[in-house]
Structures are given as structure tokens and as C-alpha cells.
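The residues of the chain are indexed from 1 along the displayed sequence.
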Amino acid sequence: MPKRKIAKTEHNPPNKSPDFPIVGIGASAGGLAAFEAFFSGIPSESEPGMAFVLVQHLSPDYTSMLVELVQRYTRMKVAQVEDGMKVESNCVYIIPPGRDMAFLNGSLQLLEPTAAHGRRLPIDFFFHTLAQDLHERSIGIILSGTGSDGTQGIRSIKEEGGLVIVQSPETTEFDGMPRSAIATGLADYILPPSEMANQLIVYTAYVFGHLCSHEFGPGPKLQNMMDKIFILLRARTGHDFSQYKPSTIQRRIERRLAIHQIEWIGEYVKYLQQTPAEVEALFHDLLIGVTSFFRDSEAFSTLEKEIIPKLFSLKSEDEAIRIWCVGCSTGEEAYSIAILFREYMETIQQNMTVQIFATDIDAGAIATARSGLYPATIAADISPQRLGRFFISEPNGSYRIHKTIRDMLIFSEQNVIKDPPFSKLDLISCRNLLIYMNADLQKKVIPLFHYALNPKGILFLGSSESIGDFGDLFSIVDQKSKLFSRKEETSGMKRTVLDRTIPIAGTTRTIAVRTVEKSSVTEKLPLRELMEQSLLRHIPLSAALVNEQGDILYLHGRTGVYLELPSGEVGVNNILKMAREGLRHDLSKALHKSVSAKERVRIPLLRVQHNDTFTTFNLTLQPVAMEALSESSLFLVIFEEVSADSLHAENAMVPAAFGTDFVDQSKRIAALQQELYDQETFLQIANKKLETSNEELKSYNEEMQSLNEELQSTNEELETSKEELQSLNEELSTVNAELQTKVTDLSRINNDMNNLLAGTNIGTVFVDHKLCILRFTPAVTKIINLILTDLGRPVGHIVSNLIGYESFVDDIQSVLDTLIPKETEVQTREGKWYSMRIQPYRTIENVIEGAVISFIDISEIVQMREALQKANEMSRLAVVIRDAVDAITMQDVEGRILAWNPGAVRMYGWSEAEALQMNAHDRMVRSENKEELFKITELGNVKNVEPYKARRLTKEGSVVEVWITATPLLNEAGTIYAIATTEHLVPKKEK
């Protein structure tokens, strides 16, 4: 038998959503490096099969280069978003500066920002629209950045069951946005950007290529697995989710299956058993709730203007106003209510006690609420006035709730389903909690709220919630804002609600209607009350107290003859449903007539069957006058049994002459006449209601006709505007076509020029009259430190690599002033030489609009010129050495002979080749070595050594006396590397 797999919950958008993943990526400061790491991590051997939408904080006054920069790191097409652009797979889309962006039906929509520049949250806005459109297929990534933009956006994604990935803070340049997102506890993965791509590919392959092809229907095996998950959750957390809406539970479980790449729900049950941390993760996924300050502003406005003043008017100054915020999550709505009450107290200049009890089953959310610390993104939901009055700005940019507001609230963990409720409340706020509960659970919770509220207390629900079938418990105050008022209770209503909802000693009572028990009161009663009670005990009447709908509030006497409990679940008992056969039709007519006419109605001689016997009785309905009851009227239903003797006596009054048949026919005719009368009355009432409805429909129809006429008028105006716009559009199309042709030509010329300049490898800079840079070629960046963002800056502000040339700006200005070109040679710090030529920039019309500075690399020419010069110098020196009469030699510091000219050959007899194999010591007389070494040491100390006489050996072994002039040779470091000597024979007259 094949394994069942959980299918994705179907949504029905107006247009089909893309069948490939769309990933929203938010970043701010430091985002460029994160983008590079992220896209570099995408495998290059295959396409990722998804689209990426980048939302970065960009200055509206700055032309972004993000498209070009991102394109360097990916093979995918990168484009700046245009309004209405359709999203395609394997493409990267970048938000343009000064725009908000939304996702709708597979396309990207651009909007003008409504918030001030410093208060815009484009990442939150885009993530919210992405979640609304793609639901559980939405994916959001938070990268490096300051502030907390994106934090609210990932809440929307998680509420819809999407995936959230956050950059690990230690890999960011600025960790404000990642840390704010991580603090929510909503991140599925916390990874370096380089590892995100692989995780995305695995996740999307599972969600889009695996689960979506499977469907499942309700079955016992699936339900059995779900029950096991509920058991594990309850055992771990103590909370029962079995009565939550199945669709919500299934979506959350689907997410966990996708994150862990688990194919079958049965395998996930085993994984939960083996991994307690996963149970906690699933529990937190189930508790995800999107909340914000003053969420649904219209509803809070109604609460502020209509409800709060009413609550204060019902209280004296020494009485407290008690409020219960159920499912408060992280506390935003609870604090919002507190702010409204504080503002009203300041308005009326009263300081009454307001107690707000805020509860939730999520311990982490309660901890956040208690701290009262919220990210900077709340500034989008709160007016600047309230933000300044009720919040304190923290150094890290977050906001902390003011102590005056915090002291009004008490936060605690509570399960509204199983824990005892608060009581004597004036307001209960339970917004967006009931939508996650099934109908059976709602039927338990709403009566619980009725029990907890004071008379005329207010119930505040979410925009998608209602009180359901409990119109008898609450009246509508404002349907649009979901505000309901507790109806006044009667003697039996509170007992009914209490017995149905409040657990007592581990059980839940279900008996709603209870007969009067024997009183145990022994104190003395007033004579009137004593007489009334005695009459009630002796007169055999059975009665029921009901409201306008027939709901039984109180029973007296033996009513079992006339009423019986219906089969099935016992709720609020209605007398029409409990009436026995033969009574229901007449009772319904009598109740309807008594309610409509507010008068006593009596129907005699009715019969009901009970235990195979028939009972004859008279039915009477009597309105009950009670001044305390203002919400609805009550009616007393009296069952008066007719005894056999009374029935015979009545029959005996008919003259015997008419006989028994006549009596029966008379009764039958009277009964038919009465029934006919009742039917006519009922039809008259129905006709009146129909006439009223027709009048209302007629009024609505007139309003609709008026509205239709206005719409037609508006449509005609729009048609006229459309025609004008079409005409204008045609003109613009013509102009646009001409401009497009010129742009194409200019683009082609520009491309040719760029290729020409780049191909010549000549560095060129174009400047205007103000010496501001207009354009430059890539080759010039080696000479002047230019980057693309330097366009428009004065050339004098740019640091150049030229050395020994300080008149660069002055020479350019001189050329502009005199229009005489200038050419000079300049050198860079790298040692390269360039021929710099400055000449005026002339247009085709021979107008001077600036100057052109070109740099031609002449390093090789300069090197050749210097080498030639050195060669010439060496050539002249070689001639001197060659033709000199004296012996000229060179030796290193060790005495090895390095050079030997022809004069030395003639003087000493050794050839050049022989001398280069010798040491200078070989030519010295041994007895004079010490003196020679001293001379050499003096040369080593760079001392001036005067010419001196010395004796030298010749090749034949003779000794000659010579004058020696020794000169040290120094390298660039100033160190002696050799010694040059000039030696000539001592004249005979000096010997």
C-alpha cells in the first residue's frame, strides 16, 4: 500500500502563481559583500531554477550600481525592477532607488513611498506582499544591515507557513537586522551567505518538486498519525491542539516535513519521538501569530471613541476597570489598549484604576511582552506623538514601553481552554485566536467569555471572527469592528452558561435546565411571598419561562408531560424543540403571536400523548413585565391540565337535543375557525414583514440606481480622459521613436568610442570648463586613482600616482585659457614614464567645452634612452682605460682581480686572462703585506688614502717600484664592493 503524503493546502488567487521558487532577499549596510558571498555559493554547473528579488536600502538621489556589481558574481540575468515586471526563473531583480515594491500574481509592482525617507521599511513591505501572494511557498532571507527592517516581514512569511533564513551575525558587517530577526525566534536556518544557496536548493527541490505532486484525502490512517502528533505535543508542552482547525495544523506540519526533507507523515511521527527539540519547534510553529501595535486601526478607533468612554461612564472613581487580553502573543495589542485607556484618562483628567490581564500559552512571547522592548520597526505602526509619549528610545535603536503603561498590565501564561478564566471583566480582547479553533472549541470559549464579563461588558474580536450562534449571549455594537456587548442575564442564563463551560472537579456539567428544588431557607418569609408559595404548591400548574426565541430559562412543575429532551448533544434548550407531538405547532403559533403583539394568548383543549395516554390541557402564553430586563422580553408558558370531570361538565352544557354528533362537529368547526383565524393572523404578520422588506429593498434599489448613475458619469469622464490620454500617447510614441533612434545611434557611437579608447591602451581623461571629470578610460586608473563614482568630481580632488609633477591642475587651466596644447613627460610611483598631452576639447561646432588629457606609455623608450646614454658613457670610459699608459686594475674586497687594462699587461707582463685568475696579494712583496693590508683597511673605513709608493712583482719575478692611487668603489647602499687602482712606475730620479 503506498504511503500517504501531505499535500499543500490550495489557495485560489486571481491569477496563477509561478510554479518556481521566488526568494526575497533583504539587506542594508554591508549587503554588497553578503550578496557576493550568496551568489558565489550558487553552483555554477547548473541553473538554480528560482528567481531572486533583492530589496536594499538605497538613496533616492543616487543612481544605483547594484545591477552591475551583482552581475559580476552570477551567470543569471540581473535587472533593475520596472513596474509590472513579470518574474522569470533564473533571474535576479533589484529594487530601484526611491520606490517601494510589492509582489502580486507573479509580477513586481512599484509604488511611491508614503512614509518619510528615514521611516521607510521596504523589506517589511515586500515580504508582507510576498507572503500574502505565495502563502506557504514564500521564502525570505535577511542579510547584513542596521536597524530592524524585515523583522515584521518574516512574521508574515511564517504566519503563512513560508521559509525564513537569516545570516549568522558573526559573518555580517552590520548585524542589526540579522539579530533583530533572530530575536523573534522565527528563523528556520541561521547560516553564512555562502551556505544559504545549497540549503535553498535542497528545500525548494523538496517543496516544489516533490510534495506538490501528491494529494491526500481524509482517512483513518492519516487521522491516526495526526492524533499521535497531538499526543506528543500534549505530553511535551501540556497543550492540546486536537481541536484546532485541521488546515492550520496541516500547513505547519508540512513546513516541518519540508525543512527536514521527510517524505511521509509517519516518518515525521518517529522523528518527533526521537527528537524532543523538534516537538518544541513544531509547538512554536503552531503558535506563530502576527501582531502589531494598533493592528486594524479602524477597529481601535471605534474602541477609542465609542467603547472606552462608555466603560468609564459605568464606573465610579473608586472602581477598577478590568480587561482581559486573550492570546496576547508578544504584547503589542495589550499595550495598544493600555495606551488608549491612558490617553482617555488624561483627556478627562481622572486617574482611575485600569487592570489589564494579558495571557498566552507561549512562554517566550510572554517574556517578550514583559520586557516591553520592541524593534525600531514599530515606528511604522505608531504615530510620532504616541511614540514620544509612551516609549523610551534605547541606544541600539529599539523602543521600550514607558513605565506608566507597563504598570497597567499583568502578563501570565494561561490556556484559555483548560485554565479558569478571569471574572468580573469590563472588556475582553480576543483577536485572531478563534480563527484557529474549530467550531466545537469556539462553542466552549464564547460562552466562557459571557460568563467572565460584567453586565454590558464588551467582547472585542478579530476582523475574521464572530460570535456565531450565540446571539442570545451578545448583542452587536459594531459589526465591522467586531465589538459585541454582553446581554443582560436572567436567573437561568448564567447558570446555563456556567454549567456548560466551567470545569468543576475535573468534569464539565451539561445539564442546563434545573427544576426548582426544595428550599433550605428557614428564615421567616413575608406574608405575601408565603401565600404565593403556598398557592404554587397547591395549584397543579406547569410552566416555563422563555425568551423571544423560545430558549428555556426556568421551569416550574411537572413539565415532562408536555416537554421532552431532544436526542443529541444538549446545549441551550429551546421549548419549541422540546415540545411533544401535538403541541409544537400550536406552541409555535402562540409564541409568535405573543411576541409580536405583546399580549396574552390562550389556546384551549389541546391534547398531547405521553406514555400511551393522552392529556388534555389549556395553553397560555403571558408576557412577563420586568423593568430590569432591557435587552429582551420574557414570556411565561402555562400548561393547565383539564381534568375529566371538567371536560364532562363542559360537554354537558350542550343541549341534549343536538346529540353527541352535533357536539363533536361544533368542536371541530370551532377548532377549524380558530386555526383559520390563526393562519390569517400569521399571514398578515408575514405580509407586513414582506412589505417592510420590500420598502427596504426599494430604498436600497434607489440608492443603487443613484450610485449607478454616479458610476456612469464617472465612467464617461474616464472614457474622455482615456481618449485624451490615447492621443497624447500617440504623440509621445512618435517623439519616443525619434528619440529612440537617436539613442541607438549614440549608443553605437559610444560603444565604438569606448572600444577604440580601450584598444589603444592610452589613458585619457575628459574634463569640463570647471575641471570636473566627464569620462575616463580604464588605462588612466593606473596613473590617477579614479573609480566610476568619481565622475563629476574636480580632477584636482583626485589623488594621482605622479611624482615630481605638482602643476597638473595649473597646466590644464593654462591650456583652457590659452588654447595652446601642452606636452610633457611624467613618472608614476611605479617607475613608469608617460608622455602627457593636454589639449582643448573641441566640438563639431568648434566650441571649446573642456580639455582632454592623454597619457601614452613611454617607459620602454625612456629605458632605451637611459641605456643608450649609459652605453655611451661606458664607451668613453673604456677608451680612456684602454689607451692609458698607467696600469689600471680593479679588485674586490677579498683581493680578487676583477679588471686588468693593457697598461697593466705592459707593466707587469701578465695577460688579462692570467691576471683575472690571480689575487692582488700574489703581486705584493711579502715583507710589505702588513702595510698593504693597513692601506686596504683604511679604504674599508672610507678614509682618504693618499697615493703611496709600493713594490710589486712582475711575471718574470722582478720587483718594480710604483706609485699607487687607490679609490674605493661604492654601491647604492654606500658599501665598498671593489677597489680601483691606478699604478705607474716611479721615475728613476725619485728612487
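- A heavy-atom distance below 4.5 Å is found between the side chains of Leu108 and Val53.
- Contact of the Pro821 side chain with the Arg837 side chain is not registered, since no non-hydrogen atoms from C-beta on lie closer than 4.5 Å.
- Among Asp811, Asp810, Asp817, the single residue meeting the side-chain hydrogen bond (donor to acceptor under 3.5 Å, both in side chains) criterion with Gln813 is Asp817.
- With sequence neighbours left out, Ala913 forms a side chain to side chain contact (heavy atoms under 4.5 Å, CB included) with Ser911.
- Rounded to the nearest 0.5 Å, atoms CD (Gln56) and CD1 (Ile25) are 11.0 Å apart.
- Here the side chain of Asn901 pairs a donor or acceptor atom with the backbone of Ile888 at under 3.5 angstrom.
- One finds the OG1 atom of Thr146 at 11.5 Å from the CD atom of Glu173 (value rounded to the nearest 0.5 Å).
- Here the closest non-hydrogen pair linking Ala920 and Ile897 is N-CG1, 4.1 Å.
- A 4.5 Å side-chain heavy-atom check between Ile141 and Phe38 finds at least one atom pair inside the cut-off.
- Neither side chain, Glu830 nor Thr828, offers a donor N or O lying under 3.5 Å from an acceptor on the other.
- Heavy-atom contacts from other residues, nucleotides or ligands closer than 6.0 Å to CD of Glu170 number more than 12.
- A donor-acceptor pair under 3.5 Å is absent between the side-chain atoms of Ser854 and the main chain of Thr764, judged by distance alone.
- Between Phe808 and Phe855, the angle of the ring planes lies from 30° to 60°, which puts this pair in the tilted group.
- Nearest heavy atoms, Pro178 versus Thr172: CG-CG2, 3.9 Å.
- Under a 3.5 Å cut-off, the side chain of Thr204 and the backbone N or O of Leu200 do form a donor-acceptor pair.
- Remark: Glu82 CD is loosely packed, at most 12 non-hydrogen atoms of other residues, nucleotides or ligands lying under 6.0 Å away.
- Put simply, CD on Glu866 and CD1 on Ile861 are 12.5 Å apart, with the number rounded to the nearest 0.5 Å.
- Heavy atoms only, all atoms of each residue included: Ile142 and Gly150 are closest at CD1-CA, 3.9 Å.
- For Asn801 (side chain) and Lys782 (main-chain N/O), a donor-acceptor pair under 3.5 Å exists by modelled atom type.
- Side chain to side chain, Thr171 and Gln167 meet the donor-acceptor criterion of an N or O pair below 3.5 Å.
- Remark: the Thr981 side chain and the Thr889 side chain contain an N/O donor-acceptor pair separated by less than 3.5 Å.
- No side-chain heavy atom of Ile853 sits less than 4.5 Å from a side-chain heavy atom of Val815.
- Residues Ile856 and Trp833 fail the side-chain proximity criterion, which asks for heavy atoms closer than 4.5 Å.
- A distance-only check finds no donor-acceptor pair linking the side chain of Thr781 to the backbone of Asn785 [under 3.5 Å].
- Of the charged side-chain nitrogens involved, none lies within less than 4.0 Å of a carboxylate oxygen, so that Lys770 and Glu849 do not count as a salt-bridged pair.
- Proximity of a side-chain donor or acceptor of Gln71 to a complementary backbone N or O of Thr74 within less than 3.5 Å is detected.
- A distance-only check finds a donor-acceptor pair linking the side chain of Asp124 to the backbone of Gln152 [under 3.5 Å].
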CA sep, side-chain torsions, deciding dist, call: Val767, Leu774, side-chain contact (heavy atoms from CB on, under 4.5 Å): CA-CA 5 Å; Val767 299; Leu774 299 175; 5.7 Å; no

CA sep, side-chain torsions, deciding dist, call: Ser835, Glu823, side-chain contact (heavy atoms from CB on, under 4.5 Å): CA-CA 7 Å; Ser835 173; Glu823 186 173 357; 3.0 Å; yes

Given Leu54 and Val92, is the side-chain contact (heavy atoms from CB on, under 4.5 Å) satisfied, shown in steps? CA-CA 7 Å; Leu54 276 56; Val92 181; 3.7 Å; yes

Take Gln109 and Met85 through the test side-chain contact (heavy atoms from CB on, under 4.5 Å) and record every step on the way to the result. CA-CA 7 Å; Gln109 307 293 331; Met85 179 179 285; over 6 Å; no

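- Residues Asn198 and Gly41 come closest through the heavy atom pair OD1-O, 4.2 Å.
- In this structure, the side chain of Thr129 engages the main chain of Phe103 through a donor-acceptor pair within 3.5 Å.
- Remark: the Ser180 side chain and the Thr151 side chain contain an N/O donor-acceptor pair separated by less than 3.5 Å.
- Ring centroids of Phe52 and Phe39 are separated by less than 6.0 Å, placing the two rings close together.
- Among all heavy-atom pairs drawn from Pro97 and Gln80, the shortest one is CD-OE1, 4.0 Å.
- In this structure, OG on Ser28 lies 11.0 Å from CG on Leu143, to the nearest 0.5 angstrom.
- Counting heavy atoms from C-beta on, the side chains of Glu983 and Thr965 never come closer than 4.5 Å.
- Rounding to the nearest 0.5 Å gives a distance of 5.5 Å between CG of Asp790 and CD1 of Ile773.
- The two residues Phe20 and Ala51 make their nearest non-hydrogen contact at CE1-CB, 3.8 Å.
- Of the possible polar contacts, none joining the Arg99 side chain to the Asp83 backbone as a donor-acceptor pair under 3.5 Å is found.
- In summary, the side chains of Tyr841 and Asp768 do not present any donor paired with an acceptor at a separation below 3.5 Å, with no hydrogens or angles considered.
- The CG atom of Leu110 sits 9.5 Å away from the CG atom of Asp100 when rounded to the nearest 0.5 Å.
- A heavy-atom distance below 4.5 Å is not found between the side chains of Val81 and Ile94.
- Using a 4.5 Å heavy-atom threshold, the side chains of Phe127 and Ile154 count as touching.
- Here the side chain of Asn90 pairs a donor or acceptor atom with the backbone of Gly49 at under 3.5 angstrom.
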